[in-house]
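Whatever order the structure lists them in is the order used to number ligands and atoms, beginning at 1. Start at 1 with the first residue, then count along the sequence.
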Amino acid sequence: MKKRVKKVISIIGVIVAIVFAITCGVYFVFLHRYSGKNIEYAWSMSDAFEINQIGTVTKQKDKEFVILNLADVQMCDLEDFFHMRTIYNELLYLVRETKPDLITLTGDQTWSNENLISLTTLIGWLDSFKIPYAPVFGNHDYGNELNSAVASEQFCCDLYEQGKYSLFKRGPSNLGSLGNYVVNIVEDGQIYKTLYMINSGYEDTISDEQIQWVKWNAEGIKSYNHGEYADGVCFLHKPLPEYELAFENYILGDNSVEAVGDVNVHYSLFGSQQNGFFEQAKNIGVTDIVCGHQHGNNFTLKYQGIRLTFALKTGELGGYYEDDKVYLNGATTIAFNNNATTIDSHFVERNKFHI
Ligand SMILES: [Fe+2]
């Protein structure tokens, strides 16, 4: 065979191999659907409560415990592919600034149907910080429509559960959604706080089963806490209806609604519909509720004894809020020291990390 023919064949071979590799890459990253493990765990109110089933994170005695909450990071495989370093740099900055003991993420960590690279990348970053983290799902994490994404709800659970520093658990499979779990902050062998991580992402309301399951956990933990409800903090994605009520009463001058820091409301406060979650929270020792979802809002309002925090949207990409006067981007810290709670917004200026 002539040299020239051989050369043409080898060039064609290389081209075919490249096209094949690109086709496989596109297929497995953007078109294939990863359904994940189908793990059935049907919880019942009559189940025995086991404290050792609950993840823990340790608080050092007489030292402040800082939670860094990242809200609506909203990474997207396609739009953010060449900007992921921008998001990483902001997260790294926030971690270094606030030195958290725990990182919580209140949903919409990704926002498109193309979520595989984004989520695996984010989990890699979180593990690289070597700080425990606890995410909940929002209404975009496994697709702009329920389970329309490359990585399904169950596959996202698989990925989060594999994270080295992840406290995430998929929880029972009969609550209407996955990713409902509890974390205890423990100090000196005693329960210091209980964190209720709730999936309020795709459904219009938090389910009755979720409400009963939270109560079951609170009662179970109470039996290990000298017969008293542990101070509780709920992390969920969508604001409860009480956020809107608290804000309405606040702007009407109701002195019983107390603002902690600035109150920024530039977008709808609509989220989960009423189903009694807040009323129950008041009765089981919950002191704080933290949500995300609408990027134009950021406040803490103490309403009927519970601090309702609308966490600051994290990451200047993915639908951050700005108008002529306001640019909202950064993260929120919730810090506990003995009986005191401090909530702060850590604003990141425009284009600080944009590459
Ligand atoms: Fe959302």
Looking only at heavy atoms, what is the nearest atom pair of Ala281 and Ile289, with distance?
CB-CD1, 4.5 Å
Verify same cluster id: Val29, Leu78 (apolar side-chain graph, 4.5 Å):
yes
Of all the atoms in Asn139, is at least one N, O or S atom closer to the Fe ion (ligand 1) than 2.8 Å?
yes
Using the ring of each side chain (for Trp, its six-membered ring), is His237 parallel, tilted or perpendicular to His293, with breaks at 30° and 60°?
perpendicular
Table please: side-chain donor-acceptor pairs of residues 166-174 below 3.5 Å, with sequence neighbours left out.
unit_1	atom_1	unit_2	atom_2	d
Ser166	OG	Tyr160	O	2.8
Ser166	OG	Phe168	N	3.1
Lys169	NZ	Gln53	O	2.4
Arg170	NE	Glu161	OE1	3.3
Arg170	NE	Glu161	OE2	3.4
Arg170	NH1	Lys37	O	3.3
Arg170	NH1	Asp158	OD1	3.4
Arg170	NH2	Asp158	OD1	2.4
Arg170	NH2	Glu161	OE1	2.9
Ser173	OG	Tyr41	N	2.8
Ser173	OG	Tyr41	O	3.1
Asn174	OD1	Trp43	N	3.0
Asn174	ND2	Trp43	O	2.8

Among the N/O/S atoms of His293, the Fe ion (ligand 1) lies closest to ND1
Hey, is there an N, O or S on Asp108 sitting under 2.8 Å from the Fe ion (ligand 1)?
yes
Distance check below 2.8 Å: does His140 bring an N, O or S atom to the Fe ion (ligand 1)?
no
Below 30° counts as parallel, above 60° as perpendicular, anything between as tilted: where do the rings of Tyr88 and Trp125 land?
tilted
Which is the closest N/O/S atom of His237 when seen from the Fe ion (ligand 1)?
NE2
